[in-house]
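Here is the naming used below: chain letters follow the sequence lines, and residue numbers restart at 1 for every chain.
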2 protein chains.
Amino acid sequence: MSDVRENILATGQRIIAGKGFSGVGLNEILATAGVPKGSFYHYFGSKEAFGEAMLESYFEEYLAELDRTLNQPAQTMAERLMNYWQDWQDNQVSFDCQGKCLAVKLGAEVADLSEAMRLALKRGTAGIIERLAKAIETGMKEGSLSIDGDPYSTAQSLYQLWLGASVMVKIVRTKQPFETAMRTTRQVLNLST
Amino acid sequence: MSDVRENILATGQRIIAGKGFSGVGLNEILATAGVPKGSFYHYFGSKEAFGEAMLESYFEEYLAELDRTLNQPAQTMAERLMNYWQDWQDNQVSFDCQGKCLAVKLGAEVADLSEAMRLALKRGTAGIIERLAKAIETGMKEGSLSIDGDPYSTAQSLYQLWLGASVMVKIVRTKQPFETAMRTTRQVLNLST
DNA sequence: TATCTATATTAGACCGGTCGTATTTTAATT
DNA sequence: AATTAAAATACGACCGGTCTAATATAGATA
């Protein structure tokens with residue numbers, strides 16, 4: 001991959017995570033990245049195609065990091081899961097509660113706008129929930145946590161809860177919604193408060 | 001209130017619920033409403049001020065409907081609450097999962113964009129959670145439901161859960177996330193499945 | 001080394017749309 | 001009839017994504 005392309009992707013991701021997809025023009029992204037405007041269409045077919053590629057690369061990195069967190073040795077699965085939520089909170093609270101999670105920022109905006117980007121979001125979030133479900137299942141077997149219902153539904157519920165909490169954090173500009181989500185999460189996994 | 005103003009508000013709300021705030025220009029809204037461009041700035045100081053007024057009027061209506069639902073006689077509070085979630089689901093699933101809830105659609109997009117609109121969202125969502133908390137408290141007293149923890153935290157958690165579920169519904173274009181949310185909701189309120 | 005070809009890259013213009021404003025026309029009220 | 005409020009128009013300066021045409025670069029051939 002050309003590093004010009006990578007540069008456009010990384011810069012665009014940063015800016016779009018703050019202002020949204022429709023709220024940012026290619027001009028700003030390219031100027032910030034130091035890439036001439038004319039070059040853009042050499043690397044991407046359209047703004048939409050760029051958005052799709054951006055989501056793709058975002059989730060690739062996200063899932064790699066998630067795998068790392070969920071495979072930390074010398075920890076129970078319950079601990080690893082709680083570390084994941086803690087990381088989510090820390091990341092999302094940084095920079096005045098304008099976290100950089102693209103599922104949070106773009107989910108509602110982009111799903112109705114572009115089928116390609118919607119599907120990228122779908123693939124990415126499915127990957128996250130799948131990993132969480134597997135982790136919960138493992139945690140049950142090792143006995144570090146227990147749940148009512150099946151692991152997949154539980155993983156789904158928890159992801160939805162944190163997605164919603166992240167939106168609320170943006171709205172109230174306090175990490176308080178995350179504290180509630182954290183307590184509910186412990187409750188759902190039957191962990192000590 | 002002038003009905004021209006009301007017309008702009010209603011039309012804008014409909015279109016923005018579909019395309020987002022940055023994704024729609026005043027031209028489209030005004031053309032659809034049949035209102036000349038110049039009139040807009042007689043009623044609203046700017047696009048942002050319009051957005052704030054739109055959110056204000058949206059939540060006003062939303063809260064009135066919520067009050068109606070939560071005050072239905074001849075039902076337990078548990079039943080009224082479950083009716084609320086059911087209405088949420090029905091509304092959000094309509095039109096190809098492009099529901100018309102502005103908290104879902106605009107929360108993440110607009111909170112980082114405009115302080116005035118962020119505060120309008122904050123006031124509106126606070127009103128919803130407050131009413132849900134009161135309803136949960138009443139339900140506990142009458143014995144139709146029971147919870148772990150305090151009513152306000154529970155209300156918050158449930159609202160976050162449904163907010164997140166709504167984003168996921170937009171992404172996967174299936175009502176399945178709502179089914180999970182519904183089950184979790186019954187579980188949290190200790191209701192029979 | 002010099003020339004030709006093919007590909008990678010970029011400059012710049014295009015047209016349509018953005019929000020906002022200044023000005024004129026219409027209506028209502030005193 | 002005078003004054004004020006409401007509505008309509010047209011326009012301005014600017015920015016949006018897109019595309020074509022021109023340039024630069026690299027590789028191959030002689």
Q: Taking the six-membered ring of Phe21(A) as reference, does the cationic atom of Lys47(A) (NZ for Lys, CZ for Arg) lie under 6.0 Å from its centre and within 45° of its axis?
A: yes
Q: Using a 4.5 Å cut-off on heavy atoms from C-beta on, say whether the side chain of Leu106(B) contacts that of Met54(B).
A: yes
Q: Counting only N and O atoms by type, is there a donor-acceptor contact under 3.5 Å from the side chain of Arg131(B) to the main-chain atoms of Asp67(B)?
A: no
Q: Would you mind telling me which of Val35(A), Asn27(A), Val4(A), Leu30(A) makes a side chain to side chain contact (heavy atoms under 4.5 Å, CB included) with Phe40(A)?
A: Leu30(A)
Q: Go through the steps for Ser144(A) and Glu142(A) under the test side chain to side chain donor-acceptor pair (under 3.5 Å), then give the verdict.
A: CA-CA 6 Å; Ser144(A) 65; Glu142(A) 77 180 17; 2.7 Å; yes
Q: Restricting to side-chain hydrogen bond (donor to acceptor under 3.5 Å, both in side chains), what partner residues turn up for Arg118(A), sequence neighbours left out?
A: Glu115(A)
Q: Just by distance, with hydrogens left out, do Ser22(A) and Glu109(A) show a side-chain donor and acceptor under 3.5 Å apart?
A: yes
Q: Enter the distance from Thr69(B):OG1 to Asn83(B):CG here, rounded to the nearest 0.5 Å.
A: 7.5 Å
Q: What residues, two or more places apart in sequence or in another chain, satisfy salt bridge (Lys or Arg N to Asp or Glu O under 4.0 Å) together with Lys19(B)?
A: Glu28(B)
Q: Is there a residue in residues 21-32 of chain B whose heavy atoms reach under 4.0 Å of DNA chain D, and which residues are they?
A: none
Q: List in numerical order all residues of residues 11-20 of chain B for which some heavy atom is under 4.0 Å away from an atom belonging to DNA chain D.
A: none
Q: Please determine if a side-chain N or O atom of Tyr41(A) lies less than 4.0 Å away from the OP1 or OP2 oxygen of dT18(D).
A: yes
Q: Could you check whether Tyr43(A) gets within reach of a base, just the sugar-phosphate, or nothing at all, counting any heavy atom under 4.0 Å?
A: sugar-phosphate
Q: Taking the six-membered ring for Trp, are Trp162(B) and Trp85(B) parallel (under 30°), tilted (30 to 60°) or perpendicular (over 60°)?
A: parallel
Q: Parallel, tilted or perpendicular for Tyr62(B) and Tyr58(B), by the 30°/60° rule?
A: tilted
Q: Taking a pair as Watson-Crick (N1 to N3 plus N6-O4 or O6-N4) or G-U wobble (N1-O2 and O6-N3), both under 3.5 Å, which stems of 3 or more consecutive pairs involve DNA chain C?
A: C:1-24 with D:7-30, C:26-29 with D:2-5
Q: Quick check for you: name the first and last nucleotides of DNA chain C, 5' to 3', having an atom under 4.0 Å from a heavy atom of chain B.
A: dT18(C) to dT21(C)
Q: Between Glu52(B) and Ser114(B), is a side chain to side chain contact (heavy atoms under 4.5 Å, CB included) present by the stated rule, with each step listed?
A: CA-CA 9 Å; Glu52(B) 187 187 359; Ser114(B) 150; over 6 Å; no
Q: Side chains of Thr184(A) and Ser157(B): any donor to acceptor distance under 3.5 Å?
A: yes
Q: Please report, rounded to the nearest Å, how far the C1' atom of dT9(D) is from the NE2 atom of His42(B).
A: 16 Å
